[in-house]
Amino acid sequence: MGAKESSALIALNKKARFEYFVEDEYDAGLVLEGWEVKSLRAGKVNLSDSHVIVKHGEAFLIGAQIQPLPTALIYSMPDPLRTRKLLLNRSELNRLIGCVERQGYTLIPLKLYWSKNYVKIKIALAKGKKSHDKRDTLKERDWQREKSRILKHSSH
């Protein structure tokens, strides 16, 4: 991840890699309203409880919270949890539809980021982890942390 890419990051779904085995990743555009873009610039977004569904040959982001700024238009009644359409190529959509409907995969958002002046979302084709897989993940993470601690102290 370069310095340019890390500064373009808007939000990261940290729970995604813990809850799921990530198989394939796709980049998609996101249909947003003006107030949502302003809120994203302010970093008022939460992806942790969101997921992607495919309906009528289109993909939609559900459950992503984009909190309106206090200056957002009151008369338009912004909905922080509204369903947002994802923009993908037809070939990508067909592949995702096949995997989700026939092979038991699920679609999860991994991160939101800026690409030039556009908001993009990285979504992943994933399979859910069982609780013992999550324990293995935690053990592995703890071991990596312990290993780096030992190496750091042994070099002094």
Side-chain angles (χ1 to χ4, degrees), residues 1-138 140-141:
M1 197 189 282
K4 203 174 198 181
E5 193 178 319
S6 64
S7 66
L9 184 69
I10 300 169
L12 194 61
N13 187 356
K14 291 179 182 170
K15 261 184 12 182
R17 292 191 191 275
F18 179 69
E19 303 264 340
Y20 299 93
F21 290 115
V22 173
E23 304 270 329
D24 247 346
E25 295 181 5
Y26 296 89
D27 293 309
L30 201 55
V31 177
L32 296 171
E33 294 176 358
W35 68 267
E36 291 172 321
V37 176
K38 288 181 179 179
S39 292
L40 289 177
R41 287 195 192 281
K44 295 190 171 287
V45 62
N46 182 6
L47 289 176
S48 60
D49 296 325
S50 59
H51 61 282
V52 177
I53 61 162
V54 179
K55 201 175 194 178
H56 307 301
E58 295 180 327
F60 296 94
L61 178 66
I62 292 181
Q65 247 184 328
I66 300 179
Q67 288 302 326
L69 294 172
T71 56
L73 300 173
I74 287 103
Y75 60 83
S76 70
M77 295 305 277
D79 178 14
L81 285 170
R82 85 177 180 90
T83 301
R84 297 167 181 93
K85 184 176 172 185
L86 299 183
L87 306 171
L88 287 151
N89 293 340
R90 176 57 51 201
S91 60
E92 288 177 327
L93 263 172
N94 289 340
R95 183 163 187 281
L96 292 175
I97 290 168
C99 289
V100 169
E101 288 179 356
R102 287 186 284 282
Q103 297 167 16
Y105 283 95
T106 186
L107 288 169
I108 52 166
L110 294 178
K111 67 178 181 178
L112 270 174
Y113 62 95
W114 295 103
S115 176
K116 296 178 183 149
N117 285 339
Y118 296 103
V119 176
K120 300 282 187 181
I121 185 164
K122 187 172 282 292
I123 60 173
L125 205 52
K127 276 205 191 284
K129 285 186 180 179
K130 306 279 189 278
S131 60
H132 64 85
D133 295 326
K134 292 179 189 176
R135 282 196 295 274
D136 291 345
T137 304
L138 283 173
E140 179 64 27
R141 193 184 306 148

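Source: prediction; values computed, not measured.
Taking the centre and axis of the six-membered ring of Tyr113, the NZ or CZ atom of Lys111 falls inside the cone set by 45° and 6.0 Å.
Nearest approach of Pro109 to Ile121, heavy atoms of both residues: CB-CD1, 3.7 Å. In plain terms, the two heavy atoms of Lys120 and Gly29 that are nearest each other are CD-CA, 4.2 Å. Contact record, Val22 with Ala124: CG1-CB, 3.6 Å, taken as the closest heavy-atom pair. Contact detail for Val52 and Ala59: the closest heavy-atom pair is CG1-CB, 4.2 Å. Listed here is the closest heavy atom pair of Val45 and Ala11: CG1-CB, 3.3 Å.
With a 4.5 Å cut-off on side-chain heavy atoms, Val31 and Arg84 do not count as touching. Proximity of Phe60 to Leu86: side-chain heavy atoms (C-beta onward) are nowhere separated by under 4.5 Å. Taking the side chain as every heavy atom from C-beta outward, Arg41 and Ile10 never approach each other to under 4.5 Å. By the 4.5 Å heavy-atom criterion applied to side chains, Leu32 and Leu40 are counted as neighbours. A 4.5 Å side-chain heavy-atom check between Gln65 and Lys44 finds every atom pair outside the cut-off. Looking only at side-chain heavy atoms (C-beta outward), Lys122 and Tyr26 stay at 4.5 Å or farther from each other.
The structure places CD of Glu58 at 7.5 Å from CZ of Arg90, a figure rounded to the nearest 0.5 Å. The CG atom of Asp27 lies 9.0 Å from the CD1 atom of Ile123; values are rounded to the nearest 0.5 Å. Atom CD of Glu23 and atom OH of Tyr105 lie 4.0 Å apart (nearest 0.5 Å). The distance from atom OG of Ser50 to atom CG of Leu61, rounded to the nearest 0.5 Å, is 5.0 Å. With values rounded to the nearest 0.5 angstrom, Leu112 atom CG is found 9.5 Å from Asn13 atom CG. To the nearest 0.5 Å, atoms CG (Leu96) and CG (Leu88) are separated by 6.0 Å.
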Exercise. Stepwise, does the side-chain contact (heavy atoms from CB on, under 4.5 Å) test hold for His51 with Ile62?
Worked result: CA-CA 5 Å; His51 61 282; Ile62 292 181; 3.9 Å; yes

For this session: Could you go through the side-chain contact (heavy atoms from CB on, under 4.5 Å) check for Leu125 and Arg95 one step at a time?
Result: CA-CA 10 Å; Leu125 205 52; Arg95 183 163 187 281; 4.0 Å; yes

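With hydrogens and angles ignored, the 3.5 Å screen pairs a side-chain donor or acceptor of Asn46 with a backbone N or O of Ser48.
Paired with Leu107 under the rule side-chain contact (heavy atoms from CB on, under 4.5 Å), one option of Ile53, Asp24, Val54 passes, and it is Val54.
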